[in-house]
S.K.: 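Below is a structure I'd like to ask you about.
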Amino acid sequence: MKILFYDMGSYTYRDFLYYLEKAGHHCRTVYYHFPDKFEDDFFERRFAGYLKEDSYDAVVSVNFFPLVAKLCQKHHIKYLSWCYDSPLEERLKNSFPYETNYIFLFDRIEVESYRAAGYTQVFHLPLAVNTDRLDTLTFTPSQTASYRADVSFVGHLYDSPLEALLYPADDYCKGFVEGMIQAQLRVYGYNFLEDLITEEFLERLNSSFRKMGQTSVSLNRRGLSYAIAAQITHLERTFLIEQMGELYDTRFYSTRPYTFSTPVRSCGPVKYHTEMPGVFRYSRLNLCPTLKSIQSGIPLRSLDIMGAKGVLLSNYQPELAESFEDGRDAILYGSMEEAFDKADFYLKHDELRQEIALNGYRRVCEDFGYPDKIQQMFQTAELG
């Protein structure tokens, strides 16, 4: 097939493209960074020009772009988008109904929610990892030594706008949100935030903005839920990293610096394709608490860790527990207390930890490779 691939610098573009071309598909890539992903006259002209120059069977992208979806609908060509972000922005769903869309999300509960609302062009497809690439990576002795640690975390702590959103709220609203935060912090495998945010509560919160004269601000359930989830994620990740740092040689890799209250070593960012796999491979445990708004799916970072033959230490996620056995393929915890207990146990039992690294890698190779996922994607879109 001939495929037009749109990308704006995604993590998985190179791996996705590699397997498309390996399967014999002819791909042409359009690189462009949208100032406005809903309207862009220059991109529309450029895109139309590409479609006139050649005959394509489909357009594909990593993540969903509404302008690409609109243009594919206009030119009657199938658009396949495979998203590693979750949840998607609320306003993107206005572009979902196009019959040329085939939108693939890794979180099954998010997909079920969209389909229940009538968005039939949304499908469940777990993410994949390129173990062919990861297997070829080699590291110098100095690199290996620099990556070695008891516990490593690679990622963001997340900055939530929640404090600003609650600034004009009354004490009841602030107390209610704090109660949600404390409750959800203690529950893994089920996100109940949106269930607790009623229309009455939203109206009470929005009325506080109107009283301040801010009539342009109006919170919806999805936006407030995400802000609360981001705040919970920040609290959980910060607490876990700081406590690990109190007990073990703990490293923090991120583009955003943070000052911890314990001796955690901040190492700055690492390059996704060449350095991050080394951190995963040579850290004894890789801490990976999931963003709280991801309800059931397996995040890309979890697969990256296991694909690099690293040991995953993650909170319980329904789909993660379905595909990977706790204590055999990965280490899963159901509470922060359990996270510390399991970290302590496996750091004292290297043989078991090494077995988990190998088993997790094998499971990823068997069930989370690109060829099978791409085949599922094309079958869903009824492409040859």
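Small disclaimer: the values here were computed from a predicted structure and weren't measured.
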S.K.: Could you tell me whether R28 and D54 have a side-chain N and a carboxylate O separated by less than 4.0 Å?
M.R.: no
S.K.: Is it true that K2 and D57 have a side-chain N and a carboxylate O under 4.0 angstrom from each other?
M.R.: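 Looking at D57 together with K2, the answer is no, because their closest N to O distance does not fall below 4.0 Å.
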S.K.: Could you check whether R251 pairs with D249 (Lys NZ or Arg NE/NH1/NH2 to Asp/Glu carboxylate O, under 4.0 Å)?
M.R.: yes
S.K.: Looking at E178, I want to see if its CD is surrounded by more than 12 non-hydrogen atoms of other residues, nucleotides or ligands under 6.0 Å.
M.R.: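 Above 12, so yes.
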S.K.: Could you tell me the separation between the CG atom of D326 and the CD1 atom of I356, rounded to the nearest 0.5 Å?
M.R.: 8.0 Å
S.K.: Flag this pair as yes if the NZ/CZ of K292 is under 6.0 angstrom from the six-membered ring centre of Y188 and inside a 45 degree cone about the axis; otherwise no.
M.R.: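 That pair qualifies as a cation-pi contact.
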S.K.: Are side-chain N/O atoms of Y11 and D304 paired as donor and acceptor at under 3.5 Å?
M.R.: no
S.K.: What class does the angle between the rings of F252 and F153 fall in, given that below 30° is parallel, 30 to 60° is tilted and above 60° is perpendicular?
M.R.: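 Geometry flag for F153 against F252: parallel rings.
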S.K.: Between Y19 and N130, do the side chains contain a donor N or O and an acceptor N or O under 3.5 Å apart?
M.R.: yes
S.K.: How about N286 and L313: do any of their side-chain heavy atoms sit closer than 4.5 Å?
M.R.: no
S.K.: Distance under 6.0 Å and angle within 45° of the ring axis: does K342 meet both against Y333?
M.R.: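 Not satisfied by the 6.0 Å and 45° rule.
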S.K.: Before accepting this row, confirm whether a basic side-chain N of the pair D171/K174 lies closer than 4.0 Å to the acidic partner's carboxylate O.
M.R.: no
S.K.: Quick one: do E90 and R221 make a salt bridge, cutoff under 4.0 Å?
M.R.: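 Not counted as a salt bridge, because no side-chain N and carboxylate O are separated by less than 4.0 Å.
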S.K.: Just say parallel, tilted or perpendicular for the rings of Y282 and Y147, cut-offs at 30° and 60°.
M.R.: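 Plane angle under 30°, so parallel.
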S.K.: Less than 4.5 Å apart, any side-chain heavy atom of V264 and any of T262?
M.R.: yes
S.K.: Less than 4.0 angstrom from a charged side-chain N to a carboxylate O is my criterion; do E44 and K70 meet it?
M.R.: yes
S.K.: Can you find a side-chain donor-acceptor pair between E319 and H124 that sits under 3.5 Å?
M.R.: yes
S.K.: Any salt bridge between E112 and R115, counting N to O under 4.0 Å?
M.R.: no
S.K.: Quick check with a 6.0 Å cut-off and a 45 degree axis cone: is K373 positioned over the face of F368's six-membered ring?
M.R.: yes
S.K.: Please check if any side-chain donor atom of Y361 sits under 3.5 Å from a side-chain acceptor atom of D135, or the reverse.
M.R.: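 D135 and Y361 do have a side-chain donor-acceptor pair below 3.5 Å.
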S.K.: Charged N to carboxylate O below 4.0 Å: is that the case for E199 and R204?
M.R.: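 No, no charged N to carboxylate O under 4.0 Å.
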S.K.: Ion pair present between D344 and K348, side-chain N to carboxylate O less than 4.0 angstrom?
M.R.: yes
